[in-house]
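This chain uses plain numbering: 1 for the first residue, then up along the sequence.
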Amino acid sequence: MQETKSKWHMPSAFTILFILIILVAILTWIIPAGEYATTKAGNVIAGTYRSRSSSPQGLWDIFEAPINGMIGTKTTDGAIPVSLYILVIGGVLGVVNRTNTFADGIGSAAKKYKGREKYLIPFLMTLFALGGTVFGMGEETIAFVPIVIPIMMSVGYDTITAISITLIGSQIGCMGSTVNPFATGVASDTIHISLGQGILPRVVFLVLALIIGIIYVMRYAAKVKGKPDQSLVYERYEKDLKEFVASNDVEVTELTKRQKWVLFAFIMTFVVMIVGLVPWSTLNPKWTFFEDFLKWLNSMPFIGSFVGRDMVPFGTWGFVEITTLIFFASLVIKAIYQMKEADFIDAFMGGVRDFVEVAMIVAIARGIQVIMNNGYISATILHAGEVGLHGLSSSVFIILTYIFYIPMSFLIPSSSGLAVSTMGIIGPIGRFSGVPGSTVVTAYQIASGLVNLVTPTSAIVMGSLALGHVSIVTWFKYIWKLLLIFIIFTCAFLAFCTIFNFQ
């Protein structure tokens with residue numbers, strides 16, 4: 001009997017992160033221990049590094065690290081607030097998906113734009129980009145590929161056009177993440193800054209990158225419309241027509257009144273979240289209207305207590321407040337859709353289960369930081385960065401940071417895992433070069449989103465391409481120019497942010 005050779009597969013994010021925990025533990029036996037003086041906020045003070053007695057981490061410390069990564073230690077904050085937020089986000093998405101609002105919404109848009117199909121491209125790409133920037137829309141886009149492909153092919157486009165709408169649209173949103181919990185949220189929490197810091201440049205980047213992406217996709221779509229021989233998947237064109245159009249009637253369902261209200265509630269939830277996270281008084285010291293309003297509300301004899309005196313004003317929100325908001329939104333959506341209790345619980349917990357893996361990755365990745373801090377090598381590595389980067393301009397540093405995160409995103413495909421395992425070092429090093437932590441977070445998330453457009457280790461990429469019968473080689477032939485444009489544009493944008501202190 002002939003034995004079949006097993007194919008090599010890329011290790012999962014869990015395995016990669018645990019290997020990194022082991023490697024970092026080994027480094028605590030090699031790298032000299034040290035520490036910095038810190039501010040009350042926990043930020044290191046440049047020039048205060050000093051050596052201290054070593055604290056090598058052993059076998060028990062390695063296995064305990066992910067646990068401490070979740071609950072926290074004296075020197076490392078736990079991942080519970082971030083992980084809980086991720087789980088609750090999963091729950092509310094499960095509830096919204098149970099209402100079929102997203103799928104029916106796209107079908108309704110297709111019907112509305114009949115005869116003006118080219119306008120569907122910017123419209124749908126913007127919708128997917130909003131999903132990416134707000135809640136890190138990724139694997140969820142795969143479910144929309146079978147819906148968008150028949151629509152696009154029935155009006156003369158090809159499968160690549162359809163995949164571009166969902167994949168490029170959502171990942172541009174992730175590149176320009178504003179309140180994406182899996183990228184911006186985790187990274188900001190790791191270096192102890194507000195999720196709202198840096199939100200303005202990210203919005204600007206999102207808009208500009210989305211314009212670039214839409215133009216790129218529309219140029220290709222115009223090229224192939226009615227000209228199948230111009231398509232990069234021309235050899236499959238007739239087969240795709242038979243599979244996706246001839247034998248598949250695209251069922252178009254108009255949004256019901258309840259679904260429209262569900263969509264409105266879902267959108268308003270994230271509008272309120274953004275308003276709550278933007279540091280208004282930091283942008284302008286005179287913008288204290290939210291603080292003033294809350295003080296007035298709390299001064300009311302009954303209303304202040306009824307609403308809750310533990311509320312904090314917009315502009316100072318953190319993970320506790322936005323998690324509370326998301327949980328409240330799920331109950332509002334349940335009421336709007338008149339969902340039965342059993343259906344609500346089933347949908348909510350189903351969404352939670354879908355995001356348990358991501359929540360655990362955050363904890364395991366935080367274990368790397370636990371080992372480094374308990375072994376007192378974080379300060380030594382930072383000191384090496386402080387010495388090595390002395391005299392380096394802020395614009396050069398941020399571009400190097402962006403370039404660093406591109407291969408790292410291939411190595412650790414989980415955006416959450418990548419943020420927790422690296423941001424604790426890269427963020428403080430940035431301060432030595434005069435680069436604010438929020439700009440470092442921006443560079444990281446742009447690189448992560450860029451790699452998620454092509455990496456074969458991504459379920460988003462491979463799942464979408466498989467549904468459209470497009471090979472990864474063909475996809476790369478199509479998208480490499482866009483990747484190059486994004487890289488050049490990003491370097492220029494990040495340099496501008498540091499030179500003109502746009503944060």
Distance-only donor-acceptor check, side chains Tyr478 and Ser164, under 3.5 Å: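 Tyr478 vs Ser164: donor-acceptor pair found between side chains.
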For Thr439 and Thr442, which I'm curious about, is there any donor-acceptor pair between the side chains at under 3.5 Å?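 Their side chains do not contain a donor-acceptor pair, so the 3.5 Å distance test is not met.
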Decide yes or no for [X] and [Y]: does some side-chain heavy atom of the first lie under 4.5 Å from some side-chain heavy atom of the second?
{"X": "Thr28", "Y": "Asp61", "result": "no"}
{"X": "Met360", "Y": "Met70", "result": "yes"}
{"X": "Phe397", "Y": "Tyr402", "result": "no"}

Ignoring hydrogens and geometry, is there a side-chain-to-backbone donor-acceptor pair from [X] to [Y] under 3.5 Å?
{"X": "Thr269", "Y": "Ala329", "answer": "no"}
{"X": "Asn97", "Y": "Leu93", "answer": "yes"}
{"X": "Ser170", "Y": "Phe128", "answer": "no"}
{"X": "Gln445", "Y": "Ser177", "answer": "yes"}
{"X": "Ser393", "Y": "Val396", "answer": "yes"}

Does Phe18 have its ring centroid less than 6.0 Å away from the ring centroid of Phe63?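 Ring-ring flag for Phe18/Phe63: true, centres closer than 6.0 Å.
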[X] versus [Y], closest heavy-atom pair with distance:
{"X": "Met175", "Y": "Ile446", "value": "O-CG1, 3.3 Å"}
{"X": "Tyr444", "Y": "Ala419", "value": "OH-CB, 3.4 Å"}
{"X": "Ser464", "Y": "Ile163", "value": "O-CD1, 3.6 Å"}
{"X": "Thr178", "Y": "Thr184", "value": "O-CG2, 3.7 Å"}

List, one per line, each side-chain donor-acceptor pair under 3.5 Å for residues 483-497, sequence neighbours excluded.
unit_1: Thr490; atom_1: OG1; unit_2: Phe486; atom_2: O; d: 2.6

Should Phe348 and Ser330 be marked as a side-chain contact (heavy atoms from CB on, under 4.5 Å) after you check the CA-CA gap, both sets of side-chain angles, and the distance that decides it? CA-CA 8 Å; Phe348 189 92; Ser330 69; 3.8 Å; yes
